[in-house]
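Some notes on the structure that comes next.
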2 protein chains.
Amino acid sequence: MAAPIYLQIKDQMIEEIQQLSANAPILSERDLAVKYNASRMTVRKAVNELVDEGYLYRDSNKGTFVADERLHKRNTSVDPFAEERPIKYKILYFDIKATSSKDVQDRLFISSEESVLRIVRVAMFEERPQSIEEIYFPRLSIPDEDLGNFKKLLDFNSYIAHGSLSQTFVPIIVPPQYAHLLKLKINTPIILVENVITSKNGKPLLYMKVFNNPNEKVIEMTL
Amino acid sequence: MAAPIYLQIKDQMIEEIQQLSANAPILSERDLAVKYNASRMTVRKAVNELVDEGYLYRDSNKGTFVADERLHKRNTSVDPFAEERPIKYKILYFDIKATSSKDVQDRLFISSEESVLRIVRVAMFEERPQSIEEIYFPRLSIPDEDLGNFKKLLDFNSYIAHGSLSQTFVPIIVPPQYAHLLKLKINTPIILVENVITSKNGKPLLYMKVFNNPNEKVIEMTL
DNA sequence: AAGTGGTCTAGACCACCGC
DNA sequence: CGGTGGTCTAGACCACTTT
């Protein structure tokens, strides 16, 4: 099954846009339709997505123009779920335990009797610690046969594809037991990102606390 | 000039969605087209926007359903630009000065000789300090007659409508001179949000540093 | 077989802009 | 005036799921 036409057009346009300089006009939608031998609505769908992603901008009644590269939409706070660099993980804990802490109960909507699968790991890039991640799954939502399947358990992108991601940013002093793991001085302020992935029907799938090393990871977004 | 049909449909659908419970199915696109006496493509545009905003979710080949309210897309980190609560501002500084600090020069792309318009203010909600905002404009980009026009200068939404917003989140210890203004103890960790609004053609319009009071403002987003 | 969302077409009219 | 993006229509075919 071939990719939809509008996606093929979009890919071609991205390549051509990259050859142009900022603020250069692109062809009008009617001309693009001729060029790609498609209907105007189809090329318009491709252009709309490129505008949404910050590759292009429109000026009504005038035309469509190449956007400055710095204006491309991005969000590094979701990078834990779409990291482009080769990250290696060092596992600190991997266990099933009763739900001890209240934040885990609250975020996963489970009682103190229910147990959770916990994974705690350090994300390393070239020997430099990027962050420490505490990941909690409701034990009951994981089939027994998947318990040892790290690849499947930690395939965040597939969770997000079927769900929704909520993030909270909390300023804290780095916890003492994590300071040396992150190679930070004690009393260093850091940002703790609390992530909850919820399936479309509203059931929490996982809760993940990310203690970010501010010297390595800059949280930024363009919207 | 009346609003576009798809926006009228969208507004009506929002009201009807609010009467439904999570995961309830809505009418199919073809039935919606009949109901609203519009073409399927038009109702589809309305539905698409509601899906993008998190009001609905689609399940391919099955139908479209009401999303859990907690999954509505939002982002309180841009609240300085779309604050829903009645915020009062106390001005601390309002002056034109040489560009002293390097971060301002770098973010606004101006040299140390150029001057900037600076506004420093405390955002208060019911006597409680929410944040301190340091706002810098390139002096040259502001017409003389607008210099005293606070409403126009600080109408962030109009900037964003013609531009793009970039944000960086930096964990810091609250600066001592701001600690008492925010009613925080010294050494409290806070999140400094650095905002740059850039016009579509790439020119920086303003640079704004927001020192958030973590006891008052929670930065969270659902995406 | 019937129904769903996903894609696509070939037109059309509008408001607005620059010439 | 001609060109632009913005909206809208009335069809169509597809892959897929449910009955």
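Note: hydrogens, waters and symmetry copies are ignored here, and every other heavy atom, side chains too, is used. A note on names: the letters A, B, ... follow the listed sequences, proteins ahead of strands, and every chain is numbered from 1.
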Between CG of A/Asp31 and C1' of D/dT4 the distance, given in whole Å, is 10 Å
B/Glu29 CD to D/dC16 C1', in whole Å, measures 15 Å
Atom CG of B/Leu32 and atom C1' of C/dG3 are separated, to the nearest Å, by 14 Å
Atom CZ of B/Arg44 and atom P of D/dT7 are separated, to the nearest Å, by 16 Å
Parallel, tilted or perpendicular: which fits the ring planes of A/His72 and A/Tyr55, with parallel below 30° and perpendicular above 60°? tilted
Whole-Å distance, B/Arg58 CZ to D/dC16 P, equals 18 Å
Output one line per pair: protein atom, nucleotide atom from nucleotides 9-11 of chain D, and distance, for all N/O pairs under 3.5 Å.
{"unit_1": "D/dT9", "atom_1": "OP2", "unit_2": "B/Ser39", "atom_2": "N", "d": "2.9"}
{"unit_1": "D/dT9", "atom_1": "OP2", "unit_2": "B/Ser39", "atom_2": "OG", "d": "3.0"}
{"unit_1": "D/dT9", "atom_1": "OP2", "unit_2": "B/Thr42", "atom_2": "OG1", "d": "2.5"}

Among D/dT7, D/dT4, C/dT7, the one nearest any side-chain atom of A/Lys45 is C/dT7
B/Phe65 atom CZ is separated from C/dT4 atom C1', nearest whole Å, by 9 Å
Please determine whether the number of non-hydrogen atoms from other residues, nucleotides or ligands lying under 6.0 Å from atom NZ of A/Lys88 exceeds 12. no
NZ of B/Lys203 to CD1 of B/Ile197, rounded to nearest 0.5 Å, is 13.0 Å
**A/His162 side chain near A/Leu205 side chain, heavy-atom distance below 4.5 Å** = no
| message | Measuring to OP1 and OP2 of D/dG3, would you say a side-chain N or O of A/Arg30 lies under 4.0 angstrom away? | response | no
By nearest-nucleotide position on DNA chain C, the 5'-leaning member of A/Ser60 and B/Leu27 is B/Leu27
To the nearest angstrom, the OH-C1' distance between A/Tyr57 and D/dT4 comes to 15 Å
(request) Look at A/Lys62 and C/dC16 and indicate whether a side-chain polar atom (N or O) is within less than 4.0 Å of OP1 or OP2. (result) no
Which of B/Asp68, B/Thr64, B/Asn23 passes side-chain contact (heavy atoms from CB on, under 4.5 Å) with B/Tyr57? It is B/Asn23
Quick one: is C/dT7 close enough that its OP1 or OP2 comes under 4.0 Å of any side-chain N or O from A/Tyr6? yes
Short side-chain N/O contact from A/Ser28 to OP1 or OP2 of D/dT4, under 4.0 Å | yes
Can you check whether A/Thr64 has a side-chain N or O nearer than 4.0 Å to OP1 or OP2 of D/dT4? no
To the nearest angstrom, the NZ-C1' distance between B/Lys200 and D/dG5 comes to 12 Å
CG of B/Leu32 to CZ of B/Arg30, rounded to nearest 0.5 Å, is 11.5 Å
TODO: Please indicate whether A/Asp95 has more than 12 foreign heavy atoms, meaning atoms of other residues, nucleotides or ligands, lying under 6.0 Å from its CG.
DONE: yes
Whichever of B/Leu7 and B/Asn61 has the more 5' nearest nucleotide on DNA chain D, that residue is B/Leu7
